[in-house]
There are 2 protein chains.
Amino acid sequence: MAVSKWNVEGEAMCPRRLVLEHVTSRWGVLVLIELNERPYRFSELRRAIGRVSEKMLTQTLQTLERDGLVHRDAKPVIPPRVDYSLTELGREAALLVSALGTWTEERMDDVVKARETYDGART
Amino acid sequence: MAVSKWNVEGEAMCPRRLVLEHVTSRWGVLVLIELNERPYRFSELRRAIGRVSEKMLTQTLQTLERDGLVHRDAKPVIPPRVDYSLTELGREAALLVSALGTWTEERMDDVVKARETYDGART
DNA sequence: CGGGATCCTCACAGATACTG
DNA sequence: CAGTATCTGTGAGGATCCCG
């Protein structure tokens, strides 16, 4: 289980940090941002994010489902069809995470400039 | 370089994702939250966060400094004294990240409940 | 005290193959 | 199509030593 990048089944970790880490995990962030737009099917989501292995996407979705942020709707048809969407809790988190994503886009050039200054200052 | 949990010097990565990943990186999140309260000295910050190795804290701070989010003020005294604070850019990011932290605290019990339901549902 | 340089290790994450 | 299972490397991250 656990998609978390660290200390997955961390014992001596306050659970608060754990949730925060699931939400801010590499793929967790991107999944929340995408699902904030609209529901997605598995492969569709995979393509939308890009460069995610099936395994990691599955793990991420399971972790977020377990935390009650993502709703999984598996239809018993052939071929299988599974839709993922956000729960109310997930929408709240997604809003905050998306805000971060937006901020990043807006401030990218400032960051790039800062980097050039920083790198330049050390010959 | 790079504190990021993933793909650190990612080549084929859009820089937008890179910044997002620095900000949402394991220790990056916690550093921003702490520095959002007030400036800290290195060891002080280390204690405030808890369970961070010196190495990781150093790396994280360097990455954030390079991105122009953190200001480093090294006083040339003995023993050395280095103060860290947020830049304007950093404050903006910290606000968003802190919001996530606050949300996590507030919604923790819902998450915990969701987990119990999820785990219970699979015997 | 702040942090650079090394070494080591484990678990994250990818690739592949198989199933319903 | 949507997963699960297994196998493996690679690098994040911790520990330790050292130096200004």
Side-chain angles (χ1 to χ4, degrees), chain A residues 1-13 17-18 21-22 24-31 39-66 70-85 122, chain B residues 1-13 17-18 21-22 24-31 39-66 70-85 122:
Chain A
M1 69 304 296
V3 66
S4 102
K5 22 193 178 182
W6 346 256
N7 198 342
V8 175
E9 290 322 286
E11 358 46 45
M13 282 267 282
R17 245 184 231 192
L18 266 180
E21 293 183 350
H22 289 171
T24 63
S25 75
R26 178 180 204 186
W27 305 117
V29 171
L30 300 175
V31 165
Y40 274 91
R41 296 185 56 183
F42 185 84
S43 297
E44 212 182 11
L45 187 55
R46 190 155 130 72
R47 279 189 300 271
I49 292 177
R51 288 176 234 260
V52 199
S53 65
E54 288 182 12
K55 182 188 160 191
M56 293 317 298
L57 184 55
T58 301
Q59 280 187 7
T60 304
L61 287 168
Q62 282 172 354
T63 303
L64 294 179
E65 188 195 356
R66 189 170 106 96
V70 161
H71 173 67
R72 186 189 128 109
D73 182 19
K75 325 236 197 239
V77 297
I78 292 188
R81 176 190 176 97
V82 184
D83 289 273
Y84 290 94
S85 56
R122 33 211 80 195
Chain B
M1 72 307 300
V3 65
S4 102
K5 29 205 168 165
W6 348 258
N7 198 341
V8 175
E9 290 324 284
E11 359 46 44
M13 284 267 284
R17 246 183 229 190
L18 265 179
E21 293 184 349
H22 289 170
T24 63
S25 76
R26 179 181 204 184
W27 304 117
V29 170
L30 300 174
V31 165
Y40 275 92
R41 298 186 53 183
F42 185 86
S43 298
E44 212 182 11
L45 187 54
R46 190 156 131 73
R47 277 188 300 272
I49 292 178
R51 286 178 236 261
V52 199
S53 65
E54 290 180 10
K55 182 188 160 191
M56 291 318 299
L57 185 55
T58 301
Q59 280 187 8
T60 304
L61 286 169
Q62 282 171 354
T63 302
L64 294 179
E65 188 196 357
R66 189 170 105 96
V70 160
H71 173 69
R72 185 189 129 108
D73 183 18
K75 325 235 199 240
V77 298
I78 294 193
R81 176 190 176 97
V82 183
D83 290 274
Y84 289 94
S85 55
R122 33 211 80 193

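Order of the sequence lines sets the chain letters (A, B, ...), proteins ahead of strands, with each chain counted from 1.
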Give the rounded distance in Å between these two atoms: [atom1] of [X] and [atom2] of [N].
| X | N | atom1 | atom2 | value |
| --- | --- | --- | --- | --- |
| Asp83(A) | dC1(D) | CG | P | 14 Å |
| Leu45(A) | dG3(D) | CG | C1' | 14 Å |
| His22(A) | dC12(C) | NE2 | P | 10 Å |
| Ile49(B) | dG13(D) | CD1 | P | 13 Å |
| Leu57(A) | dG14(C) | CG | P | 11 Å |
| Arg47(B) | dC1(C) | CZ | C1' | 10 Å |
| Met56(A) | dA13(C) | CE | P | 4 Å |
| Gln59(A) | dA13(C) | CD | P | 8 Å |

Kindly compute the distance separating [atom1] ([X]) from [atom2] ([Y]), expressed to the nearest 0.5 Å.
| X | Y | atom1 | atom2 | value |
| --- | --- | --- | --- | --- |
| Met56(A) | Arg26(A) | CE | CZ | 8.5 Å |
| Arg41(B) | Tyr84(B) | CZ | OH | 11.0 Å |
| Leu45(A) | Thr60(A) | CG | OG1 | 9.5 Å |

Using a cut-off of less than 4.0 Å, is there contact between a side-chain N or O of Arg26(B) and OP1 or OP2 of dG14(D)? yes

Please confirm whether the shortest side-chain N or O distance from Tyr84(A) to OP1 or OP2 of dG3(D) is below 4.0 Å. yes

Side chain of Trp27(B) only, heavy atoms from C-beta on: which candidate in dC1(C), dA2(D), dG14(D) is closest? dG14(D)

Want to settle it: does Arg41(A) or Ser53(B) sit nearer the 5' end of DNA chain D, counting the closest nucleotide to each? Arg41(A)

Quick one: salt bridge (charged side-chain N to carboxylate O under 4.0 Å, His left out) partners of [X], sequence neighbours excluded?
| X | result |
| --- | --- |
| Asp73(A) | Lys75(A) |
| Glu44(A) | Arg38(A) |
| Arg72(A) | none |

Taking only residues two or more places apart in sequence, or in another chain, which ones meet Arg47(A) in a side-chain hydrogen bond (donor to acceptor under 3.5 Å, both in side chains)? none

Any N/O pairs under 3.5 Å between the protein and nucleotides 4-6 of chain C? List them or say none.
unit_1: dG4(C); atom_1: OP1; unit_2: Gln62(B); atom_2: NE2; d: 3.4
unit_1: dG4(C); atom_1: OP2; unit_2: Gln62(B); atom_2: NE2; d: 2.5

